[in-house]
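This is the structure, below, for whatever I ask next.
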2 protein chains.
Amino acid sequence: MIVEPSTEQIIKEAAKKIFVRKGFAGARMQEIAEEAGINKALLHYYYRSKEKLFEGIFSEIFDHMIGQLKQSVTTDKPLIQKIEDFVDRYISTIEQNPYIPLFIVNEIAQNPDRFVEKIKSKQVFPELAGFFQQMLGEMERGNIREIPPLHLFLNILGLCAFPFIAKPMVKAVSGMDEDTWEMLMKDRKKEVKTFIRRALMA
Amino acid sequence: MIVEPSTEQIIKEAAKKIFVRKGFAGARMQEIAEEAGINKALLHYYYRSKEKLFEGIFSEIFDHMIGQLKQSVTTDKPLIQKIEDFVDRYISTIEQNPYIPLFIVNEIAQNPDRFVEKIKSKQVFPELAGFFQQMLGEMERGNIREIPPLHLFLNILGLCAFPFIAKPMVKAVSGMDEDTWEMLMKDRKKEVKTFIRRALMA
DNA sequence: CTTTGCATTAACCATTTGGTTAAACCGTAT
DNA sequence: ATACGGTTTAACCAAATGGTTAATGCAAAG
(Lines give C-alpha, C1' and ligand atoms only; values in the text may rest on other atoms or scores of the structure.)
Protein backbone atom coordinates (compact mmCIF):
# COMPACT_ATOMS: atom_id res chain seq x y z
CA MET A 1 0.00 0.00 0.00
CA ILE A 2 1.13 3.48 -0.77
CA VAL A 3 0.97 6.08 1.95
CA GLU A 4 1.29 9.56 0.65
CA PRO A 5 4.03 11.32 2.56
CA SER A 6 3.13 13.82 5.23
CA THR A 7 3.52 17.50 4.54
CA GLU A 8 6.36 17.55 7.01
CA GLN A 9 8.14 14.84 5.05
CA ILE A 10 7.53 16.62 1.76
CA ILE A 11 9.03 19.77 3.20
CA LYS A 12 12.02 17.85 4.48
CA GLU A 13 12.72 16.35 1.08
CA ALA A 14 12.33 19.67 -0.68
CA ALA A 15 14.52 21.47 1.82
CA LYS A 16 17.15 18.77 1.60
CA LYS A 17 17.28 19.12 -2.15
CA ILE A 18 17.58 22.90 -2.14
CA PHE A 19 19.93 23.23 0.82
CA VAL A 20 22.28 20.58 -0.53
CA ARG A 21 22.32 22.20 -3.96
CA LYS A 22 22.70 25.81 -2.89
CA GLY A 23 23.99 25.76 0.68
CA PHE A 24 22.44 27.59 3.58
CA ALA A 25 23.27 31.08 2.34
CA GLY A 26 22.26 30.40 -1.23
CA ALA A 27 18.97 28.64 -0.47
CA ARG A 28 15.73 30.65 -0.55
CA MET A 29 12.73 29.76 1.58
CA GLN A 30 10.51 30.61 -1.38
CA GLU A 31 12.33 28.11 -3.54
CA ILE A 32 11.99 25.39 -0.93
CA ALA A 33 8.29 26.11 -0.68
CA GLU A 34 7.89 25.89 -4.44
CA GLU A 35 9.88 22.67 -4.56
CA ALA A 36 7.52 21.27 -1.93
CA GLY A 37 4.48 22.62 -3.75
CA ILE A 38 3.26 24.55 -0.74
CA ASN A 39 2.96 28.04 0.61
CA LYS A 40 5.98 29.71 2.11
CA ALA A 41 4.13 30.36 5.36
CA LEU A 42 3.68 26.63 5.80
CA LEU A 43 7.42 26.21 6.08
CA HIS A 44 7.37 28.46 9.10
CA TYR A 45 4.38 26.60 10.47
CA TYR A 46 6.35 23.35 10.64
CA TYR A 47 9.84 24.70 11.18
CA ARG A 48 9.91 28.07 12.77
CA SER A 49 12.84 29.54 10.90
CA LYS A 50 15.28 28.93 8.08
CA GLU A 51 17.92 28.20 10.70
CA LYS A 52 15.76 25.58 12.43
CA LEU A 53 14.80 23.97 9.15
CA PHE A 54 18.41 23.83 8.09
CA GLU A 55 19.57 22.33 11.35
CA GLY A 56 17.00 19.60 11.10
CA ILE A 57 18.04 18.74 7.56
CA PHE A 58 21.74 18.93 8.29
CA SER A 59 21.51 16.74 11.36
CA GLU A 60 19.64 14.09 9.47
CA ILE A 61 22.13 14.05 6.62
CA PHE A 62 25.14 14.14 8.88
CA ASP A 63 23.82 11.38 11.12
CA HIS A 64 23.16 9.19 8.14
CA MET A 65 26.69 9.69 6.86
CA ILE A 66 28.29 9.04 10.25
CA GLY A 67 26.08 6.00 10.74
CA GLN A 68 27.34 4.50 7.50
CA LEU A 69 30.94 5.11 8.44
CA LYS A 70 30.57 3.59 11.89
CA GLN A 71 29.21 0.33 10.54
CA SER A 72 32.30 -0.68 8.60
CA VAL A 73 34.59 0.33 11.42
CA THR A 74 32.73 -1.48 14.16
CA THR A 75 32.97 -5.06 12.83
CA ASP A 76 35.72 -7.35 14.08
CA LYS A 77 37.20 -8.24 10.72
CA PRO A 78 40.91 -8.06 9.95
CA LEU A 79 42.17 -4.57 9.22
CA ILE A 80 42.65 -4.74 5.48
CA GLN A 81 39.22 -6.29 5.11
CA LYS A 82 37.75 -3.59 7.31
CA ILE A 83 39.37 -0.84 5.29
CA GLU A 84 38.12 -2.32 2.05
CA ASP A 85 34.62 -2.65 3.45
CA PHE A 86 34.86 0.94 4.52
CA VAL A 87 35.89 2.07 1.04
CA ASP A 88 33.12 0.05 -0.60
CA ARG A 89 30.45 1.29 1.72
CA TYR A 90 31.61 4.88 1.80
CA ILE A 91 31.86 5.22 -1.96
CA SER A 92 28.49 3.51 -2.39
CA THR A 93 26.91 5.92 0.03
CA ILE A 94 28.46 8.89 -1.71
CA GLU A 95 27.45 7.62 -5.13
CA GLN A 96 23.86 7.67 -3.97
CA ASN A 97 24.24 11.24 -2.69
CA PRO A 98 27.10 12.75 -4.65
CA TYR A 99 26.61 16.28 -3.39
CA ILE A 100 26.53 15.43 0.29
CA PRO A 101 30.26 15.44 1.11
CA LEU A 102 30.83 18.89 -0.33
CA PHE A 103 27.69 20.11 1.35
CA ILE A 104 28.72 18.85 4.78
CA VAL A 105 32.28 20.04 4.57
CA ASN A 106 31.25 23.40 3.25
CA GLU A 107 28.52 24.17 5.76
CA ILE A 108 30.73 23.21 8.68
CA ALA A 109 33.48 25.42 7.31
CA GLN A 110 31.03 28.27 6.87
CA ASN A 111 29.77 28.11 10.41
CA PRO A 112 31.80 25.80 12.63
CA ASP A 113 30.39 27.03 15.92
CA ARG A 114 26.89 26.02 14.96
CA PHE A 115 27.95 22.39 14.77
CA VAL A 116 30.65 21.84 17.32
CA GLU A 117 28.32 21.00 20.17
CA LYS A 118 25.83 19.03 18.15
CA ILE A 119 28.55 17.01 16.49
CA LYS A 120 30.43 16.24 19.67
CA SER A 121 27.34 14.53 21.02
CA LYS A 122 27.40 12.08 18.13
CA GLN A 123 30.54 10.50 19.55
CA VAL A 124 32.29 9.24 16.48
CA PHE A 125 35.57 9.05 18.29
CA PRO A 126 35.22 5.91 20.43
CA GLU A 127 34.71 3.78 17.33
CA LEU A 128 37.59 5.45 15.58
CA ALA A 129 39.88 4.89 18.54
CA GLY A 130 39.34 1.14 18.20
CA PHE A 131 40.05 1.35 14.49
CA PHE A 132 43.26 3.23 15.15
CA GLN A 133 44.33 0.72 17.80
CA GLN A 134 43.88 -2.06 15.30
CA MET A 135 46.06 -0.17 12.81
CA LEU A 136 48.82 0.24 15.37
CA GLY A 137 48.56 -3.45 16.24
CA GLU A 138 49.02 -4.53 12.64
CA MET A 139 52.00 -2.23 12.29
CA GLU A 140 53.68 -3.62 15.40
CA ARG A 141 53.17 -7.12 14.11
CA GLY A 142 54.74 -5.99 10.86
CA ASN A 143 51.67 -6.86 8.81
CA ILE A 144 51.35 -3.39 7.34
CA ARG A 145 53.77 -0.53 6.95
CA GLU A 146 54.23 2.23 9.47
CA ILE A 147 51.97 5.24 9.10
CA PRO A 148 50.31 7.42 11.73
CA PRO A 149 46.71 6.17 11.98
CA LEU A 150 45.20 9.60 11.56
CA HIS A 151 47.14 10.18 8.35
CA LEU A 152 46.04 6.81 7.06
CA PHE A 153 42.47 7.64 7.94
CA LEU A 154 42.67 11.00 6.18
CA ASN A 155 44.14 9.22 3.18
CA ILE A 156 41.27 6.77 3.04
CA LEU A 157 38.65 9.47 3.42
CA GLY A 158 40.33 11.68 0.84
CA LEU A 159 40.73 8.93 -1.74
CA CYS A 160 37.04 8.09 -1.38
CA ALA A 161 35.47 11.49 -1.06
CA PHE A 162 37.71 13.86 -2.98
CA PRO A 163 36.68 12.87 -6.50
CA PHE A 164 33.07 13.57 -5.67
CA ILE A 165 33.89 16.82 -3.96
CA ALA A 166 35.95 17.92 -6.91
CA LYS A 167 33.71 16.48 -9.61
CA PRO A 168 32.27 19.77 -10.88
CA MET A 169 35.76 21.24 -11.05
CA VAL A 170 37.26 18.23 -12.78
CA LYS A 171 34.45 18.21 -15.30
CA ALA A 172 34.77 21.95 -15.92
CA VAL A 173 38.55 21.83 -16.33
CA SER A 174 38.70 18.75 -18.48
CA GLY A 175 35.46 19.22 -20.36
CA MET A 176 34.67 15.61 -19.50
CA ASP A 177 31.07 14.56 -20.10
CA GLU A 178 28.84 12.78 -17.61
CA ASP A 179 29.15 9.38 -19.24
CA THR A 180 32.93 9.45 -19.16
CA TRP A 181 32.82 10.52 -15.53
CA GLU A 182 30.54 7.64 -14.65
CA MET A 183 32.82 5.17 -16.36
CA LEU A 184 35.69 6.59 -14.36
CA MET A 185 33.79 6.26 -11.10
CA LYS A 186 32.68 2.73 -11.94
CA ASP A 187 36.29 1.65 -11.35
CA ARG A 188 36.89 3.93 -8.43
CA LYS A 189 36.25 1.46 -5.62
CA LYS A 190 38.61 -1.07 -7.12
CA GLU A 191 41.31 1.49 -7.81
CA VAL A 192 41.15 2.99 -4.35
CA LYS A 193 41.27 -0.39 -2.65
CA THR A 194 44.21 -1.47 -4.77
CA PHE A 195 46.03 1.78 -4.14
CA ILE A 196 45.61 1.51 -0.38
CA ARG A 197 46.49 -2.17 -0.27
CA ARG A 198 49.70 -1.54 -2.19
CA ALA A 199 50.63 1.36 0.02
CA LEU A 200 50.14 -0.72 3.15
CA MET A 201 51.65 -4.03 2.09
CA ALA A 202 54.79 -4.65 4.09
CA MET B 1 60.28 52.05 -0.54
CA ILE B 2 56.70 51.42 0.45
CA VAL B 3 54.00 52.20 -2.04
CA GLU B 4 50.60 52.33 -0.48
CA PRO B 5 48.34 50.01 -2.40
CA SER B 6 45.83 51.45 -4.81
CA THR B 7 42.17 51.52 -3.86
CA GLU B 8 41.55 48.92 -6.50
CA GLN B 9 44.10 46.64 -4.87
CA ILE B 10 42.64 47.26 -1.42
CA ILE B 11 39.22 46.32 -2.70
CA LYS B 12 40.60 43.20 -4.32
CA GLU B 13 42.21 42.06 -1.10
CA ALA B 14 39.11 42.77 0.93
CA ALA B 15 36.84 41.04 -1.56
CA LYS B 16 39.14 38.05 -1.71
CA LYS B 17 39.02 37.70 2.04
CA ILE B 18 35.24 37.94 2.29
CA PHE B 19 34.40 35.88 -0.77
CA VAL B 20 36.76 33.09 0.23
CA ARG B 21 35.37 33.01 3.75
CA LYS B 22 31.68 33.22 2.92
CA GLY B 23 31.32 32.19 -0.69
CA PHE B 24 29.54 34.20 -3.36
CA ALA B 25 26.05 33.77 -1.92
CA GLY B 26 27.11 34.41 1.66
CA ALA B 27 29.27 37.47 0.99
CA ARG B 28 27.75 40.93 1.43
CA MET B 29 28.90 43.94 -0.57
CA GLN B 30 28.58 46.04 2.56
CA GLU B 31 30.94 43.74 4.41
CA ILE B 32 33.51 43.89 1.63
CA ALA B 33 33.30 47.67 1.67
CA GLU B 34 33.83 47.75 5.43
CA GLU B 35 36.74 45.34 5.17
CA ALA B 36 38.28 47.66 2.58
CA GLY B 37 37.49 50.71 4.69
CA ILE B 38 35.56 52.40 1.91
CA ASN B 39 32.07 53.30 0.83
CA LYS B 40 29.88 50.66 -0.73
CA ALA B 41 29.32 52.81 -3.78
CA LEU B 42 33.02 52.77 -4.47
CA LEU B 43 32.88 49.05 -5.01
CA HIS B 44 30.47 49.62 -7.83
CA TYR B 45 32.64 52.41 -9.15
CA TYR B 46 35.56 50.02 -9.68
CA TYR B 47 33.71 46.79 -10.34
CA ARG B 48 30.26 47.30 -11.69
CA SER B 49 28.51 44.48 -9.89
CA LYS B 50 28.94 41.78 -7.27
CA GLU B 51 29.10 39.26 -10.10
CA LYS B 52 31.88 41.16 -11.89
CA LEU B 53 33.83 41.66 -8.69
CA PHE B 54 33.53 38.00 -7.87
CA GLU B 55 34.62 36.88 -11.30
CA GLY B 56 37.73 39.02 -11.08
CA ILE B 57 38.64 37.62 -7.70
CA PHE B 58 37.88 34.05 -8.64
CA SER B 59 39.88 34.18 -11.85
CA GLU B 60 42.89 35.53 -10.04
CA ILE B 61 42.75 32.85 -7.37
CA PHE B 62 42.07 30.08 -9.81
CA ASP B 63 44.85 31.16 -12.17
CA HIS B 64 47.30 31.29 -9.32
CA MET B 65 46.38 27.77 -8.24
CA ILE B 66 46.55 26.37 -11.75
CA GLY B 67 49.84 28.13 -12.34
CA GLN B 68 51.36 26.45 -9.31
CA LEU B 69 50.18 23.05 -10.43
CA LYS B 70 51.49 23.46 -13.94
CA GLN B 71 55.00 24.26 -12.77
CA SER B 72 55.69 20.92 -11.12
CA VAL B 73 54.15 19.01 -13.98
CA THR B 74 56.02 20.80 -16.74
CA THR B 75 59.61 19.96 -15.71
CA ASP B 76 61.40 17.03 -17.31
CA LYS B 77 62.29 15.21 -14.12
CA PRO B 78 61.62 11.50 -13.60
CA LEU B 79 58.04 10.68 -12.70
CA ILE B 80 58.41 9.92 -9.01
CA GLN B 81 60.45 13.06 -8.54
CA LYS B 82 57.86 15.04 -10.42
CA ILE B 83 55.05 13.68 -8.31
CA GLU B 84 56.90 14.46 -5.11
CA ASP B 85 57.64 17.98 -6.31
CA PHE B 86 54.00 18.31 -7.11
CA VAL B 87 52.97 17.19 -3.63
CA ASP B 88 55.47 19.52 -1.97
CA ARG B 89 54.48 22.51 -4.00
CA TYR B 90 50.75 21.88 -3.89
CA ILE B 91 50.63 21.38 -0.13
CA SER B 92 52.84 24.43 0.40
CA THR B 93 50.53 26.52 -1.73
CA ILE B 94 47.49 25.27 0.12
CA GLU B 95 49.12 25.83 3.51
CA GLN B 96 49.50 29.48 2.59
CA ASN B 97 45.84 29.70 1.56
CA PRO B 98 44.07 26.94 3.43
CA TYR B 99 40.57 28.01 2.47
CA ILE B 100 41.18 28.24 -1.25
CA PRO B 101 40.58 24.63 -2.30
CA LEU B 102 37.19 24.42 -0.64
CA PHE B 103 36.32 27.82 -2.03
CA ILE B 104 37.19 26.88 -5.60
CA VAL B 105 35.53 23.52 -5.53
CA ASN B 106 32.43 24.91 -3.91
CA GLU B 107 31.90 27.89 -6.16
CA ILE B 108 32.33 25.79 -9.27
CA ALA B 109 29.85 23.28 -7.92
CA GLN B 110 27.42 26.06 -7.11
CA ASN B 111 27.51 27.55 -10.57
CA PRO B 112 29.35 25.38 -13.07
CA ASP B 113 28.13 27.21 -16.16
CA ARG B 114 29.68 30.44 -15.05
CA PHE B 115 33.13 28.88 -15.21
CA VAL B 116 33.11 26.33 -17.97
CA GLU B 117 34.08 28.76 -20.72
CA LYS B 118 36.53 30.78 -18.70
CA ILE B 119 38.24 27.69 -17.39
CA LYS B 120 38.50 25.96 -20.73
CA SER B 121 40.56 28.87 -21.98
CA LYS B 122 43.17 28.26 -19.30
CA GLN B 123 44.15 25.05 -21.04
CA VAL B 124 45.35 22.90 -18.20
CA PHE B 125 44.94 19.79 -20.23
CA PRO B 126 47.95 19.85 -22.57
CA GLU B 127 50.34 19.84 -19.63
CA LEU B 128 48.39 17.09 -17.93
CA ALA B 129 48.42 14.99 -21.08
CA GLY B 130 52.23 14.96 -20.99
CA PHE B 131 52.16 14.01 -17.33
CA PHE B 132 49.79 11.16 -18.04
CA GLN B 133 51.93 9.95 -20.94
CA GLN B 134 54.92 9.81 -18.65
CA MET B 135 52.92 7.74 -16.17
CA LEU B 136 51.93 5.27 -18.86
CA GLY B 137 55.55 5.07 -20.00
CA GLU B 138 56.80 4.20 -16.54
CA MET B 139 54.12 1.57 -16.19
CA GLU B 140 55.02 -0.06 -19.50
CA ARG B 141 58.67 -0.15 -18.48
CA GLY B 142 57.53 -1.78 -15.24
CA ASN B 143 58.97 0.97 -13.08
CA ILE B 144 55.68 1.66 -11.33
CA ARG B 145 52.55 -0.37 -10.88
CA GLU B 146 49.60 -0.24 -13.21
CA ILE B 147 46.98 2.38 -12.47
CA PRO B 148 44.89 4.52 -14.81
CA PRO B 149 46.63 7.92 -14.91
CA LEU B 150 43.49 9.86 -14.13
CA HIS B 151 42.85 7.77 -11.03
CA LEU B 152 46.43 8.29 -9.92
CA PHE B 153 46.06 12.01 -10.50
CA LEU B 154 42.83 12.13 -8.51
CA ASN B 155 44.57 10.20 -5.76
CA ILE B 156 47.42 12.69 -5.62
CA LEU B 157 45.10 15.68 -5.61
CA GLY B 158 42.86 14.12 -2.99
CA LEU B 159 45.68 13.15 -0.67
CA CYS B 160 47.02 16.70 -0.83
CA ALA B 161 43.85 18.76 -0.78
CA PHE B 162 41.33 16.72 1.17
CA PRO B 163 42.69 17.32 4.66
CA PHE B 164 42.48 21.06 4.13
CA ILE B 165 39.03 20.84 2.62
CA ALA B 166 37.84 18.72 5.50
CA LYS B 167 39.76 20.53 8.23
CA PRO B 168 36.79 22.30 9.82
CA MET B 169 34.84 19.06 9.89
CA VAL B 170 37.72 17.03 11.28
CA LYS B 171 38.31 19.59 13.97
CA ALA B 172 34.62 19.75 14.84
CA VAL B 173 34.21 15.98 14.98
CA SER B 174 37.37 15.24 16.89
CA GLY B 175 37.49 18.36 19.02
CA MET B 176 41.11 18.70 17.94
CA ASP B 177 42.72 22.06 18.69
CA GLU B 178 44.62 24.20 16.23
CA ASP B 179 48.06 23.27 17.58
CA THR B 180 47.43 19.57 17.25
CA TRP B 181 46.17 20.13 13.73
CA GLU B 182 49.28 22.04 12.79
CA MET B 183 51.49 19.30 14.15
CA LEU B 184 49.54 16.83 12.08
CA MET B 185 49.94 18.91 8.95
CA LYS B 186 53.64 19.42 9.56
CA ASP B 187 54.13 15.77 8.65
CA ARG B 188 51.61 15.73 5.88
CA LYS B 189 53.96 16.24 2.94
CA LYS B 190 56.22 13.44 4.06
CA GLU B 191 53.35 11.07 4.78
CA VAL B 192 51.66 11.71 1.45
CA LYS B 193 54.86 11.25 -0.51
CA THR B 194 55.66 8.04 1.33
CA PHE B 195 52.13 6.74 0.83
CA ILE B 196 52.20 7.40 -2.90
CA ARG B 197 55.71 6.04 -3.35
CA ARG B 198 54.77 2.81 -1.61
CA ALA B 199 51.60 2.47 -3.63
CA LEU B 200 53.51 2.90 -6.88
CA MET B 201 56.64 0.85 -6.17
CA ALA B 202 56.64 -2.18 -8.43
C1' DC C 1 42.96 81.34 -8.45
C1' DT C 2 40.06 78.57 -11.21
C1' DT C 3 38.87 74.88 -13.93
C1' DT C 4 38.81 70.11 -15.02
C1' DG C 5 38.30 65.32 -14.19
C1' DC C 6 38.78 61.44 -11.46
C1' DA C 7 37.83 59.59 -6.70
C1' DT C 8 34.73 59.24 -2.88
C1' DT C 9 30.66 59.69 -0.26
C1' DA C 10 25.82 60.24 1.75
C1' DA C 11 21.46 59.50 0.65
C1' DC C 12 18.37 57.10 -1.82
C1' DC C 13 15.84 53.30 -4.55
C1' DA C 14 13.78 48.90 -6.00
C1' DT C 15 13.80 44.31 -5.10
C1' DT C 16 14.45 40.38 -2.45
C1' DT C 17 14.04 37.89 1.66
C1' DG C 18 12.84 35.79 6.09
C1' DG C 19 9.09 36.04 8.75
C1' DT C 20 4.04 37.20 10.51
C1' DT C 21 -0.98 37.54 10.56
C1' DA C 22 -5.57 36.92 9.95
C1' DA C 23 -8.64 34.57 7.41
C1' DA C 24 -10.12 30.42 4.85
C1' DC C 25 -10.25 25.36 4.47
C1' DC C 26 -11.54 20.86 5.90
C1' DG C 27 -12.10 16.61 8.28
C1' DT C 28 -14.18 15.03 12.71
C1' DA C 29 -16.73 14.85 16.82
C1' DT C 30 -20.83 16.63 19.02
C1' DA D 1 -25.81 21.31 10.95
C1' DT D 2 -22.36 23.05 13.58
C1' DA D 3 -18.66 23.92 16.41
C1' DC D 4 -13.85 22.74 16.88
C1' DG D 5 -9.02 21.63 15.77
C1' DG D 6 -5.24 21.43 13.13
C1' DT D 7 -3.72 22.78 8.32
C1' DT D 8 -3.01 25.92 4.50
C1' DT D 9 -3.07 30.24 2.17
C1' DA D 10 -3.02 35.27 0.51
C1' DA D 11 -1.60 39.40 1.90
C1' DC D 12 1.40 41.89 4.36
C1' DC D 13 5.72 43.75 6.89
C1' DA D 14 10.35 45.18 8.19
C1' DA D 15 14.92 44.49 7.35
C1' DA D 16 18.55 43.52 4.30
C1' DT D 17 20.69 43.84 -0.07
C1' DG D 18 22.59 45.08 -4.63
C1' DG D 19 22.76 48.99 -7.05
C1' DT D 20 22.24 54.21 -8.45
C1' DT D 21 22.59 59.23 -8.18
C1' DA D 22 23.82 63.60 -7.28
C1' DA D 23 26.77 66.16 -4.72
C1' DT D 24 31.50 66.83 -2.60
C1' DG D 25 36.60 66.33 -2.25
C1' DC D 26 40.72 67.09 -4.21
C1' DA D 27 44.95 67.05 -6.83
C1' DA D 28 46.87 68.47 -11.26
C1' DA D 29 46.57 71.52 -15.37
C1' DG D 30 45.66 75.96 -17.20
Side-chain angles (χ1 to χ4, degrees), chain A residues 1-61 103 106-107 110-111 113-115 118, chain B residues 1-61 103 106-107 110-111 113-115 118:
Chain A
M1 84 203 176
I2 298 169
V3 266
E4 70 256 37
S6 66
T7 303
E8 204 171 337
Q9 200 54 37
I10 292 175
I11 293 179
K12 229 181 215 168
E13 288 308 312
K16 200 179 289 185
K17 191 167 162 185
I18 302 297
F19 275 135
V20 167
R21 267 216 299 251
K22 312 221 167 172
F24 178 77
R28 296 292 103 109
M29 292 298 268
Q30 181 59 41
E31 201 180 350
I32 294 174
E34 273 161 25
E35 176 73 33
I38 58 162
N39 189 286
K40 181 167 65 100
L42 204 52
L43 289 182
H44 291 87
Y45 178 78
Y46 283 99
Y47 306 82
R48 295 214 299 250
S49 66
K50 188 184 181 184
E51 197 94 15
K52 289 259 169 52
L53 176 56
F54 180 81
E55 266 165 38
I57 301 297
F58 185 89
S59 277
E60 201 172 288
I61 291 176
F103 170 70
N106 196 54
E107 293 304 324
Q110 216 82 182
N111 196 339
D113 311 322
R114 188 193 281 154
F115 304 103
K118 213 161 261 192
Chain B
M1 84 203 179
I2 298 170
V3 268
E4 71 254 35
S6 66
T7 302
E8 205 171 336
Q9 200 54 37
I10 292 174
I11 293 178
K12 230 181 214 169
E13 288 309 312
K16 201 179 287 186
K17 191 167 162 184
I18 302 298
F19 275 135
V20 167
R21 265 217 300 253
K22 312 221 167 171
F24 177 78
R28 296 291 103 111
M29 292 298 267
Q30 181 58 41
E31 202 180 350
I32 294 173
E34 273 161 26
E35 176 72 34
I38 58 163
N39 189 288
K40 182 166 64 98
L42 204 53
L43 289 183
H44 290 87
Y45 178 77
Y46 283 100
Y47 305 82
R48 295 214 300 251
S49 67
K50 187 183 181 185
E51 196 94 13
K52 289 258 169 52
L53 176 56
F54 180 81
E55 267 166 37
I57 301 298
F58 185 89
S59 277
E60 201 172 288
I61 291 176
F103 170 71
N106 196 53
E107 293 303 323
Q110 216 82 179
N111 197 338
D113 311 322
R114 188 193 281 154
F115 303 104
K118 214 162 262 194

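Since the structure is predicted, the reported quantities are computational estimates derived from the model, not experimental observations. Residue numbers begin at 1 in each chain, while the letters A, B, ... track the order of the sequences.
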Which residue lies more 5' along DNA chain C, comparing A/Arg28 with A/Arg48 via nearest heavy atoms
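First, find each residue's nearest nucleotide; the 5'-ward one identifies A/Arg28.
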
Roughly, in whole Å, what's the span from NE2 in A/His44 to P in D/dA11?
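From A/His44 NE2 to D/dA11 P: 19 Å.
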
Quickly work out the A/Gln30 CD to C/dG19 C1' distance and round it to whole Å.
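Roughly 12 Å, once rounded to whole Å.
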
Rounded to the Å, how far apart are A/Lys22 NZ and C/dT17 C1'?
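Atom-to-atom, A/Lys22 to C/dT17, this comes out as 14 Å.
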
Looking at every strand, decide which applies to A/Ala27 at a 4.0 Å heavy-atom threshold: base, sugar-phosphate, or nothing.
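The residue A/Ala27 makes sugar-phosphate contact but no base contact.
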
To the nearest 0.5 Å, what is the distance between NZ (A/Lys22) and CZ (A/Arg28)?
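Here the rounded value is 8.5 Å.
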
A/Phe103 and A/Phe19: ring-ring contact (aromatic ring centres under 6.0 Å, His included), yes or no, with the steps?
CA-CA 8 Å; A/Phe103 170 70; A/Phe19 275 135; 7.5 Å; no

Report the nucleotide, chosen from D/dT20, D/dT9, C/dA10, that has the shortest atom-to-atom distance to any side-chain atom of B/Asn39.
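Side chain of B/Asn39 sits closest to C/dA10.
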
Measure from the side-chain heavy atoms of A/Tyr45 and tell me the nearest of C/dC6, D/dG6, C/dG19.
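When the side chain of A/Tyr45 is considered, D/dG6 is the closest of C/dC6, D/dG6, C/dG19.
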
By nearest heavy atom, map B/Lys40 and A/Glu51 onto DNA chain C; which one lands nearer the 5' end?
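Result of the comparison: B/Lys40.
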
A/Tyr47 near the nucleic acid: base, sugar-phosphate alone, or nothing, with a heavy-atom cut-off under 4.0 Å?
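A/Tyr47: no heavy atom of the nucleic acid under 4.0 Å.
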
Once you round it to whole Å, what is the distance between P of D/dG19 and CZ of B/Phe54?
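Value for this atom pair: 14 Å.
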
Between D/dT21, C/dG18, D/dT7, which nucleotide gets closest to the side-chain atoms of B/Ala41?
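From the listed options, D/dT21 comes nearest.
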
Rounding to a whole Å, what distance do you find between B/Met29:CE and C/dT16:P?
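In whole Å, C/dT16 P and B/Met29 CE are 17 Å from each other.
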
Counting only side-chain nitrogens and oxygens, does A/Ser49 get under 4.0 Å of the OP1 or OP2 atom of C/dG18?
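Result: no.
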
Hey, is the main chain of B/Tyr46 close enough, under 3.5 Å, to the side chain of B/Glu8 for a donor-acceptor pair?
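Answer holds: no.
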
For B/Leu43 and D/dT17, what is the distance between atoms CG and P respectively, to the nearest whole Å?
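Going from CG in B/Leu43 over to P in D/dT17 covers 14 Å.
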
Which heavy atom of A/Met29 sits nearest to which heavy atom of A/Leu43, and what is that distance?
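Between these two residues, the closest heavy atoms are O-CD1, 3.3 Å.
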
Could you state the CD-C1' distance from B/Glu31 to D/dA16, rounded to the nearest angstrom?
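For the pair B/Glu31 CD and D/dA16 C1', the rounded distance is 13 Å.
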
Touch check for A/Ile38, heavy atoms < 4.0 angstrom, all strands: base, sugar-phosphate only, or nothing?
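The residue A/Ile38 makes sugar-phosphate contact but no base contact.
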
Is any side-chain N or O of B/Thr7 closer than 4.0 Å to OP1 or OP2 of C/dA7?
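Answer is no, no contact under 4.0 Å.
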
Look at the side chain of A/Tyr46 and decide which nucleotide, out of D/dT7, D/dG19, C/dG18, has an atom nearest to it.
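Closest nucleotide to the A/Tyr46 side chain: D/dT7.
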
For B/Lys50 and D/dG19, what is the distance between atoms NZ and C1' respectively, to the nearest whole Å?
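In whole Å, D/dG19 C1' lies 12 Å from B/Lys50 NZ.
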
Which one, C/dG18, D/dT8, C/dT8, comes nearest to the side chain of B/Leu42?
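Ranking C/dG18, D/dT8, C/dT8 by closest atom to the B/Leu42 side chain puts C/dT8 first.
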
ring-ring contact (aromatic ring centres under 6.0 Å, His included) between B/Phe58 and B/Phe115, worked out
CA-CA 10 Å; B/Phe58 185 89; B/Phe115 303 104; 4.4 Å; yes

